[in-house]
Amino acid sequence: MIRGIKGIKDITPDQMPKWSVVERTAHALAHAFGFQEIRIPVFEKTELFVHSIGGNTDIVEKEMYTFPDKDGTSLTLRPEGTAGVVRAFIERGLKTYQPSRKLYYIGPMFRHERPQAGRLRQFHQFGVEFVGSSEASADVEVITLLWRFFSALELPGLSLELNSLGVLTDRQAYKKDLVSFLKTKSDRLCENCRRRLEANPLRALDCKVPHCREAMNDAPHLTDFLSPTSRDHFDRVLEGLQALAVPYSMNPRLVRGLDYYSMTTFEVSCSALGAQNAIGAGGRYNGLFETLGGVPTPAVGFAIGLDRVIIALPEAILPTPTPWVFIAAFGEKGKPAGLSLLDSLRSMQVKADTDYNASTLKTLLRSADRLEAPYVVIIGDDEVTNHQIILRNMATKEQEFHPLNTASSAILAHLHIR
RNA sequence: GUGGGUGUAGCUCAGUUGGUUAGAGCGCCGGAUUGUGGUUCCGGAGGUCGCGGGUUCAAUUCCCGUCACUCACCCCA
C-alpha cells in the first residue's frame, strides 16, 4: 500500500461541512471589511522566503521544503503567505491602482515540522494584508476582522494578546538592556535561552521552561523603550480596539517568530486546543516592502491556522443539511421512469440521488436509509401503469401519491414546505 | 531534531503469567415467502497479532532493531 506523506492529511467528505463553513465565513467577512481575494503560487524562489522571513529563523533554517528546479534554481513550497503577497504586490504594480490595498488569501502552506495535534506539514491559512496605511486604524481594522472571524464561528476559550515591538531603533535600545538583564540571570536560564542571548535575545521572553519564565518575571518591558511615535501609535491601536469592544490583554513578552514584524503584534490563542494553541496571529511589517526591493510601504496583516480552527469549531455551528429525495426506481418500466424523474429534479437544482447497485424495493429502501434520505420516491411498474409516484417520508413513514407527469414540481414544493 | 505512548478483524478495543482452532462490540454479507428501510432474531465472511532479527522445544506474548501512528518538547498559525 502506498501511504500518504507524514503530516499531510486528506480532508475527507465527512469533514468538508466544517471546512465549508469556515471558508464561507472567511470570504464573507473579508469582503465585508473591503478585502479582495488574491491567489498566489504555492511555491516561489527560495530567496523570497529567506529575505522576508529571515535567515536565522527556525522556519528558514530547518522547516522549508526546498528543492532545485530543472535549471538548478532553488525553489521552496511556501511556508507562509505574506512573502508571496508582497512579492506579487511589488511585481504586478498593484499599488498604482489605489492609495491602499486590502488583500486576503486562503490556501495550503508547508513546513517540515514533526507532526503533532494541531500541527501538520501541509496546513491551511486564511490571511489578510492591509497594505499602504501606517495609520493605527488599519491595525485596529485588521485585528477587529481577526476577532470577528473567530466570534462568528463561536470558537470557545479565545484570548487576544497584544504587544508592540516598536521600530528598529526602539528594539536595538531594548535589546541592549535585555541582554544585560539576561546576563545577570544566566545561571538560571535554560540552555536554549543562553544560546538565544547571542542570536535572538527577544525569543527568550516567551520561553516555556518554568524556571526560565520565573527568572524572566522582572525582565524589562519592550513597551517601556518605545519612542514617542511608536508609543503613540500603539496607544491609538488600543483605544481603537476599546472603542469597538474587541477584548484584549497586554502581553509584553509576545514576540513573533518571523523577522519582518515591527510595531504592533498580536496573537489569538484558544484553550480548546492542545499545546499548539496559537490559532491566529500577525502584526505590522512596515519594512518588508523595502526588504523585497519595493518602495517603502507600510502594511499590517494576520494569518489564521484553519486546521486549528476546524479542531476547535463547535458542532452546533454546522448548518442543517438541505432536504433531498432518494429515487427508488425498479422494474422494467419503473426504472427508466425513475431515471428521467431523477434528471428533471436535478435540472431544477433539487438534490436527488439513487443507488444503481440496488434493484429491489427492499434494497433500494435500505440504501436510502443508509444515505439518511429524508424522502424517497417509490416508482415501480405498478406506479408507471397508474401514472403516479409514491412520495415517502422516511421519518414518519407517511406516503402520498402524486401524478407522474407533475411529480418533480410536486416534490420541489414538498421539500420547500419543510 | 529530542523524548514518551501505542501498533491484534473494515472501525474501537480486549486477551494470551510463552503452549493446540486469537476474542468482543460495531460495521459488512446472507436469511426470517410475494413490492416497503432503520429495530429484533438466525447464520456467515474477514486477522502473516506492523515488519525484521534474537532467545526458546515453542513467540502474537520476552529482548533488540526498524517502520508507522500519536502526544509532548522545540517552533509556530
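Quick caveat: nothing in here was measured; it's all calculated off a predicted structure.
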For [N] versus [M], give the span between their [atom1] atoms, rounded off to a whole number of Å.
N      : M      : atom1 : result
B:rA14 : B:rA22 : C1'   : 11 Å
B:rC13 : B:rG54 : P     : 33 Å
B:rC69 : B:rU8  : P     : 14 Å
B:rC28 : B:rG38 : C1'   : 16 Å
B:rC62 : B:rC49 : C1'   : 15 Å
B:rG50 : B:rC11 : P     : 13 Å
B:rG15 : B:rG4  : C1'   : 25 Å
B:rC42 : B:rA24 : P     : 14 Å

Could you give the [atom1]-to-[atom2] distance, from [X] to [N], as a whole number of Å?
X        : N      : atom1 : atom2 : result
A:His112 : B:rA77 : NE2   : C1'   : 18 Å
A:Arg111 : B:rC74 : CZ    : C1'   : 13 Å
A:Asp369 : B:rU36 : CG    : P     : 15 Å
A:Leu365 : B:rU39 : CG    : P     : 14 Å
A:Arg366 : B:rG27 : CZ    : P     : 13 Å
A:Glu383 : B:rG35 : CD    : C1'   : 8 Å
A:Phe330 : B:rU34 : CZ    : C1'   : 12 Å
A:Lys397 : B:rG38 : NZ    : P     : 9 Å

Can you confirm whether the side chains of [X] and [Y] place a donor and an acceptor under 3.5 Å from each other?
X        : Y        : value
A:Thr12  : A:Asp14  : yes
A:Thr363 : A:Thr360 : yes
A:Thr82  : A:Glu129 : yes
A:Thr144 : A:Glu141 : no
A:Glu135 : A:Ser137 : no

Determine, using ring centers only, whether [Y] and [X] are less than 6.0 Å apart.
X        : Y        : answer
A:Phe89  : A:Phe289 : yes
A:Tyr174 : A:Phe225 : yes
A:Phe266 : A:Tyr248 : no

Go through A:Tyr65 and A:Arg121 one step at a time and tell me if the side-chain contact (heavy atoms from CB on, under 4.5 Å) criterion holds.
CA-CA 10 Å; A:Tyr65 280 95; A:Arg121 290 186 176 180; 3.2 Å; yes
Under 3.5 Å, is there any donor-acceptor pair linking the side chain of A:Arg392 to the base of B:rG37?
yes
When only distance counts, do a donor and an acceptor, one from the side chain of A:Glu113 and one from the base of B:rG1, lie under 3.5 Å apart?
no
All N/O pairs under 3.5 Å across the protein-nucleotides 66-69 of chain B interface:
unit_1	atom_1	unit_2	atom_2	d
B:rC69	OP2	A:Lys6	NZ	3.2

At 4.0 Å (heavy atoms only), tell me whether [X] reaches a base, stays on the sugar-phosphate, or touches nothing.
X        : result
A:Glu63  : sugar-phosphate
A:Ala281 : sugar-phosphate
A:Gly127 : nothing
A:Met109 : nothing
A:Asp382 : base
A:Leu306 : nothing
A:Gln399 : base
A:Leu371 : nothing

Using salt bridge (Lys or Arg N to Asp or Glu O under 4.0 Å), reason through A:Arg346 and A:Asp353 one step at a time and then give a plain yes or no.
CA-CA 9 Å; A:Arg346 288 171 171 175; A:Asp353 208 352; 3.3 Å; yes
Please give me the minimum heavy-atom distance between A:Lys45 and A:Leu75, naming the atom from each residue.
CA-CD2, 4.1 Å
Closest heavy-atom contact between A:Met394 and A:Ala368?
CE-CB, 4.3 Å
Ignoring the backbone of A:Asp58, work out which of B:rC74, B:rG37, B:rA77 is nearest its side chain.
B:rC74
Nearest-neighbour nucleotide for the A:Arg119 side chain, B:rC29, B:rG35, B:rC74 considered:
B:rC74
With nearest nucleotide decided by heavy atoms, which residue, A:Gly380 or A:Pro115, maps closer to the 5′ end of RNA chain B?
A:Gly380
Would you tell me if any nitrogen or oxygen in the side chain of A:Gln116 comes within less than 4.0 Å of OP1 or OP2 on B:rA72?
yes
So does A:Lys362 get a side-chain nitrogen or oxygen closer than 4.0 Å to the phosphate oxygens (OP1/OP2) of B:rU36?
no
So what does the secondary structure string of RNA chain B come out as, 5' to 3', with Watson-Crick or wobble pairs under 3.5 angstrom, [ ] for crossing and | for pairs with another strand?
(((((((..((((.....[...)))).(((((.......))))).....(((((..]....))))))))))))....
Within a strict 4.5 Å, meaning less than it, do heavy atoms of the A:Ile106 and A:His27 side chains meet?
yes
With A:Arg111, which of A:Arg78, A:Glu80, A:Lys62 fulfils side chain to side chain contact (heavy atoms under 4.5 Å, CB included)?
A:Glu80
RNA chain B contacts among residues 152-162 of chain A, heavy-atom distance under 4.0 Å
none
